[in-house]
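What follows is a short report on a single structure.
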Amino acid sequence: MAKTHPGKEAPSFGGTNYRFINLTVGNAADTFAHDIARGLAAPQKYIRSMHLYDADGSKLFERITQDQDYYPTHAETEILARFAHEIVAGLAENTALVELGSGSAKKTRLLLQALVDKQGRTLFCPIDISGDFLQENVKRLSRDFPNLEILGIVADYYTGLSVLANEIHQPILMLWLGTDIGHADRNAAAGLLRDKMVPSLKLGDRLLVGIDLKKSAEPIHRAYGCPGDKEPLRYAFNCNALRRINRELGGNFITDKFQRYCFYNEALGRIETYLKSLCDQQVTVAALGQTFDFKEGELIHLHFAYKYDQDDILQLGKAAGLKLEQQWFDEKAWYSLNLFSVGQAGNQPHARLP
Ligand SMILES: C[S@@+](CC[C@H](N)C(=O)[O-])C[C@H]1O[C@@H](n2cnc3c(N)ncnc32)[C@H](O)[C@@H]1O
């Protein structure tokens, strides 16, 4: 069993090295229906990006990460392959790894291996809304890493984090990879860290965040398949949101009547991704008892992906009340991994530039 702080119990795994807590039972369908009703009735229609992910969506995203143009995954892999042991070297003994939106957790393996090498038995707690995909990957990890104890939490980030205090009584490294922090604008991202994530951590716990960096538009466009109307894999991934509405809520979206619309807004330093209606049309969603009108050219917003410069990262730490301890970059300096600690903010980081 993992060592614990005096007087605290390690989670019990009853003979296997993994277990699950599913916090979506009974409310996932309601949340999805509620969000879709709200998003499609808004003046600027939207679908929250978390709803792109069910088992199909997660598999499609995984295929995108294998595309050679999708540099965020490759850069993050490169950094972890090179520096995982250095990243874990300064962590407290018996640190548990908590990962937000773990997906396939392929890159996470590099960090898990470094933790196991350093401290032996290690607790890993991935939190992901895509339940079937999470369970499949936890089982695979448990076979490949017998020295892990895995507590898989099927939940949205914030519900998942709310159970941490009861489940984990040891130092924590919270991991947020895939530049997912970029979905929120820079102020909102700081607010999320400060108000939703840091409260579930203790003084001295760490947060390792993958953040994509500002660069010329060309590689960004290639990575995100922009301008976007002709890229079949990313189109299939984005349309999964519409197919989910059809499957789970009795919708009658015809995906061919929507096109992907995606571009890098250089002034705001963000990718913008939408689905665009190709004609005037009406879509009925039976479970909501509602019909939604779409005009030709009307957009459904799916997500932004904000890019940061060094100043933005320093501001993020400051606004979130976190101390930026160290940074690592890929060879091209296109991408960064940022280690923050919970405590007094304000010191300058030790940056390892390529
Ligand atoms: C862009 S993928 C990144 C996956 C992986 N971390 C990587 O870097 O390749 C986002 C992951 O977070 C999960 N996710 C997205 N929004 C979420 C939310 N609000 N709560 C919980 N999980 C979420 C998705 O299911 C998906 O596995």
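Atoms within each ligand, like the ligands themselves, are counted from 1 in listed order. For clarity, every value in this text was computed on a predicted model and none was experimentally measured.
- Contact between Gly160 and ligand 1 is absent, with no heavy atom of the residue lying under 4.0 Å from the ligand.
- Contacts between Lys106 and ligand 1, counted as non-hydrogen atom pairs separated by less than 4.0 Å, are absent for every part of the residue.
- One N or O on the side chain of Thr16 and one on the backbone of Tyr18 form a donor-acceptor pair closer than 3.5 Å.
- Of the protein's heavy atoms, Met50 SD, 3.5 Å lies nearest to atom 19 (N) of ligand 1.
- When non-hydrogen atoms are compared, ligand 1 lies under 4.0 Å from the backbone of Ala155 (N, CA, C, O) but not from its side chain.
- Counting atoms of ligand 1 from 1 in the listed order, those under 4.0 Å from a heavy atom of Gly178 are 8 (O).
- Taking any N or O of Gly101, backbone or side chain, at least one lies under 3.5 Å from an N or O belonging to ligand 1.
- Between the Gln119 side chain and the Glu93 main chain, no donor and acceptor come within less than 3.5 Å of each other.
- Put simply, part of Asp180 is less than 4.0 Å from ligand 1, judged by heavy atoms.
- Counting heavy atoms under 4.0 Å from ligand 1, residue Tyr157 touches it through both backbone and side chain.
- Taking any N or O of Thr65, backbone or side chain, none lies under 3.5 Å from an N or O belonging to ligand 1.
- A side-chain donor-acceptor contact under 3.5 Å links Asn252 to the backbone of Thr284.
- Counting atoms of ligand 1 from 1 in the listed order, those under 4.0 Å from a heavy atom of Lys107 are 7 (C), 8 (O), 9 (O).
- Contacts of Ala105 with ligand 1, taken as heavy-atom pairs under 4.0 Å, are absent altogether.
- With hydrogens and angles ignored, the 3.5 Å screen pairs no side-chain donor or acceptor of Asp205 with any backbone N or O of Pro171.
- Side-chain atoms of Glu325 and Ser341 form a donor-acceptor pair, as typed in the model, at a separation below 3.5 Å.
- Any N or O atom pair closer than 3.5 Å counts here, and Ile129 shares at least one such pair with ligand 1.
- The aromatic rings of Phe237 and Phe61 lie tilted to each other, with the angle between the two planes from 30° to 60°.
- For Asp128, a nitrogen or oxygen atom sits less than 3.5 Å from a nitrogen or oxygen atom of ligand 1, counting backbone and side chain alike.
- Residue Phe61 touches ligand 1 through its side chain alone, judged by heavy-atom distances below 4.0 Å.
- Residue-ligand proximity, Gly103 to ligand 1, at heavy-atom distances under 4.0 Å covers atoms 27 (O).
- Of the possible polar contacts, none joining the Tyr335 side chain to the Trp328 backbone as a donor-acceptor pair under 3.5 Å is found.
- The backbone N or O of His51 sits less than 3.5 Å from a side-chain atom of Arg244, completing a donor-acceptor pair.
- Residues Gln327 and Asn338 have side chains that bring a donor and an acceptor to within less than 3.5 angstrom of each other.
- Stacking of Arg260 on the aromatic ring of Tyr235 is not recorded, the 6.0 Å distance cut-off and the 45° axial limit not both being met.
- Within ligand 1, the atoms closer than 4.0 Å to a non-hydrogen atom of Asp156 are 20 (N), 21 (C), numbered from 1 in the order shown.
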